[in-house]
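Everything below concerns the one structure shown next.
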Amino acid sequence: MAEQAASIEALLEEGRTFPPSPEFAQQANINDPNVYEEAERDFEGFWSRFADELSWFRKWDTVLEWDPPHAKWFVGAKTNVSYNCVDRHLATRRNKAAIVWEGEPGDWKVYTYWDLYREVCQFANVMKGLGVTKGDRVTIYLPMVPELPIAMLACARIGAAHSVIFGGFSPDSIRDRIEDSQSKLLITADGGFRRGNIVPLKRNCDEAIAGDTTIEQVVVVRRTGHADELMQGGRDQWWHDLMQGASQKCEPEPMDAEDMLYMLYTSGTTGKPKGIVHTTAGYMVGTYATAKWIFDLKEDDVYWCTADIGWVTGHSYIVYGPLSNGATTVMYEGSPDFPDRDRWWSIIEKYGCTICYTAPTAIRTCMRWGEEYPERHDLSSLRLLGSVGEPINPEAWVWYRKNIGGDRVPVVDTWWQTETGMILIAPLPGITTLKPGSATRPFPGVLADVVDEAGNSVGLGAGGYLVIKRPWPAMLRTIYGDPERFVEQYWSRYPNIYFTADGSKRDADGDFWLLGRVDDVINVSGHRISTMEVESALVDHPTVAESASIGKNHEIKGQAVVSFVTLKEGIDGTDDLLNELKRHVATKIGSMARPDDIFFTAELPKTRSGKIMRRLLRDVAEGRALGDTTTLADPGVVEALKEQYGDEE
Ligand code: PRX
């Protein structure tokens with residue numbers, strides 16, 4: 001964090017700023033700077049005005065009930081999120097493209113709102129036929145195919161909560177998440193395409209639900225056509241077979257404002273992932289409002305978020321935010337470099353995308369590949385760019401604006417989390433002066449601050465912990481099945497204040513500069529990984545006695561996993577074993593958690609009370625001078641490590 005702060009310091013001195021162009025400001029959905037003050041004066045009224053733009057079976061009695069740390073939004077209201085994302089648009093946008101989908105092999109398909117309505121209704125009826133009822137949980141493990149948002153919206157329609165698992169997760173991770181959510185139904189595909197290869201999704205599911213499981217039925221989308229022999233009679237059925245007989249009408253279930261919409265697992269500071277719970281009305285209003293104002297969504301926009309729907313970004317800003325706005329949302333199944341490194345830019349040109357929302361790690365990768373790839377394509381349709389998932393370094397921000405945005409479009413850096421459900425800190429592109437590397441300021445109505453250990457505001461120009469001091473509509477309501485952990489994790493450090501576990505700094509203008517996580521969570525290419533998860537995967541291997549993992553700064557990925565491993569007595573730390581351990585972590589968790597480096601060590605540096613000093617391991621991994629070692633039980637341990645590995649960097 002110290003070096004990041006230093007580089008930000010340097011940047012602030014440089015002071016590049018980008019005020020909105022008069023043309024952009026003039027056409028923007030919101031261009032009146034007074035909106036911030038107005039929202040401050042009455043934040044409940046502010047949110048309820050967005051809610052008024054949506055459809056309700058019954059309106060709320062109270063906007064907010066705040067019994068810290070428990071919030072209820074739009075209390076007493078009845079609505080349905082699938083109705084708001086689909087049916088609401090049938091009168092005015094029936095034939096408008098809702099989802100534009102492109103598969104990795106180059107196949108593509110457009111769903112109008114009317115198409116989407118029929119498919120969602122049909123699949124909702126399929127699930128009802130399979131015995132899914134309101135309040136059930138449904139696990140979805142699909143590639144980026146249209147059936148994924150269709151299944152999510154169908155769940156929302158009948159009141160079942162979805163639990164989407166990213167397609168990169170391993171069978172063990174799927175098993176843990178199914179067990180925790182107690183899902184009865186699993187929706188998957190035979191496989192998905194990735195860089196020309198087939199990801200064996202069905203095989204992973206079969207492994208995950210072998211033996212004891214709550215899963216009774218599996219619906220399988222045929223995508224790659226290679227796994228017909230894996231269909232298990234009595235348990236597995238094809239999506240297309242089930243859809244054939246299903247009615248195209250399904251009344252949306254009137255859901256209570258606080259009924260669960262979905263859960264999504266994310267990594268925390270322990271080895272056990274947390275099922276973050278989002279509910280109906282507040283989440284819908286929050287994603288609707290932020291998509292409308294931050295992405296400035298217009299009727300003619302073709303909006304593309306490159307994330308995978310398996311992460312929260314895809315939930316909020318591929319599916320719920322854009323569709324509740326009646327926008328056209330683009331989905332792409334595969335990898336950015338297949339068949340060549342210009343694939344993304346070819347998609348922008350082909351569909352005339354006007355907005356593109358992606359992650360810094362992807363931008364840095366494109367920077368490394370070089371300008372020649374975007375130069376092959378006409379990207380002039382773009383009018384706004386977005387970034388999310390990790391701190392964006394100013395160089396990447398400027399490159400993105402120049403080479404993708406033609407040096408003319410705004411770049412909105414958006415800060416948020418799985419837990420926050422919606423963007424909380426980001427520019428409003430018709431109002432805010434942009435600064436490369438800063439997410440600028442909280443969305444109107446959101447009260448964010450940077451505080452010290454004691455919870456005091458650090459004031460402008462200083463750094464500390466980012467906290468949110470007032471409830472917001474899409475906030476998480478709990479951790480599924482673990483209400484104590486919810487309180488402990490987010491609300492116990494400061495009374496009645498949400499602790500984000502991010503470091504941040506505010507500049508003299510009050511703008512926020514995010515500095516990364518302050519807990520044992522690392523952010524690899526925008527994917528959240530807990531060091532504890534990696535450690536438990538490592539000690540699960542029969543040769544490993546003890547391990548400690550850290551995040552090391554990485555030019556492209558932001559951070560990379562580095563693990564220090566103590567082997568059991570008599571085991572040799574060979575290169576073969578090293579590779580085997582890397583593979584083991586990928587198999588246990590998923591390939592995104594695979595350590596870049598593993599260092600064998602006779603001992604780990606610990607304090608006298610036995611706590612592993614990860615800070616020192618970071619110093620070793622990054623080849624820095626060692627920080628304070630006075631609290632170490634045995635200072636020799638870390639010196640030996642440094643001697644052994646310190647020169648490698
Ligand atoms: O550290 C912050 C970082 O990503 C974390 C949240 O990760 P996740 O729940 O997976 O959600 C990612 C997408 C919303 C945060 O605690 N993060 C996210 N966006 C930014 C960011 N860090 C800096 N700048 C951002 N714009």
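All of these numbers come straight from a predicted model, not from anything done at the bench. The analysis underlying the following values was restricted to heavy atoms, covering all of them including side chains, and did not include hydrogens, waters or symmetry mates. Just follow the structure's listing: the first ligand is 1, and inside any ligand the first atom is 1.
- The closest protein non-hydrogen atom to atom 10 (O) of ligand 1 is R528 CD, 3.3 Å.
- Remark: ligand 1 atoms within the under-4.0 Å shell around heavy atoms of N523 are 3 (C), 4 (O).
- Across L54, L261, T279, a single residue satisfies side chain to side chain contact (heavy atoms under 4.5 Å, CB included) together with M284, and that is L54.
- A salt bridge does not link D407 to K402: none of the charged side-chain nitrogens sits closer than 4.0 Å to a carboxylate oxygen.
- With ligand atoms numbered from 1 in the order given, ligand 1 contributes 6 (C), 14 (C), 15 (C), 18 (C), 19 (N) to contacts under 4.0 Å with heavy atoms of W416.
- Screening E533, E419, E390 against R528 for a salt bridge (Lys or Arg N to Asp or Glu O under 4.0 Å) leaves a single residue, E419.
- Classification of the F43-W73 ring pair by plane angle, with boundaries at 30° and 60°, yields perpendicular.
- For the pair A439 and ligand 1, no heavy-atom separation below 4.0 Å is found.
- Within ligand 1, counting atoms from 1 as listed, the ones closer than 4.0 Å to a heavy atom of L514 are 23 (C), 24 (N).
- Looking only at protein heavy atoms, the nearest one to atom 11 (O) of ligand 1 is T418 N, 3.7 Å.
- In terms of polar-atom proximity, defined here as any N/O pair under 3.5 Å, T313 makes no such contact with ligand 1.
- Here the rule is side chain to side chain contact (heavy atoms under 4.5 Å, CB included) with V409, and of L379, L385, I404 only L385 fits it.
- Closest protein heavy atom to atom 12 (C) of ligand 1: G389 CA, 4.3 Å.
- Below 3.5 Å of separation, one finds no N or O of S387 facing any N or O of ligand 1.
- Nearest residue to atom 26 (N) of ligand 1 from I276, T414, V388 is T414 (criterion: closest heavy atom).
- A heavy-atom distance below 4.5 Å is found between the side chains of F169 and R177.
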- Query: Can you list the steps and then say if Y498 with Q417 is a side chain to side chain donor-acceptor pair (under 3.5 Å)?
  - Reply: CA-CA 12 Å; Y498 174 79; Q417 305 177 307; 2.7 Å; yes
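- Counting only heavy atoms of the protein, atom 2 (C) of ligand 1 lies nearest to D502 OD2, 3.0 Å.
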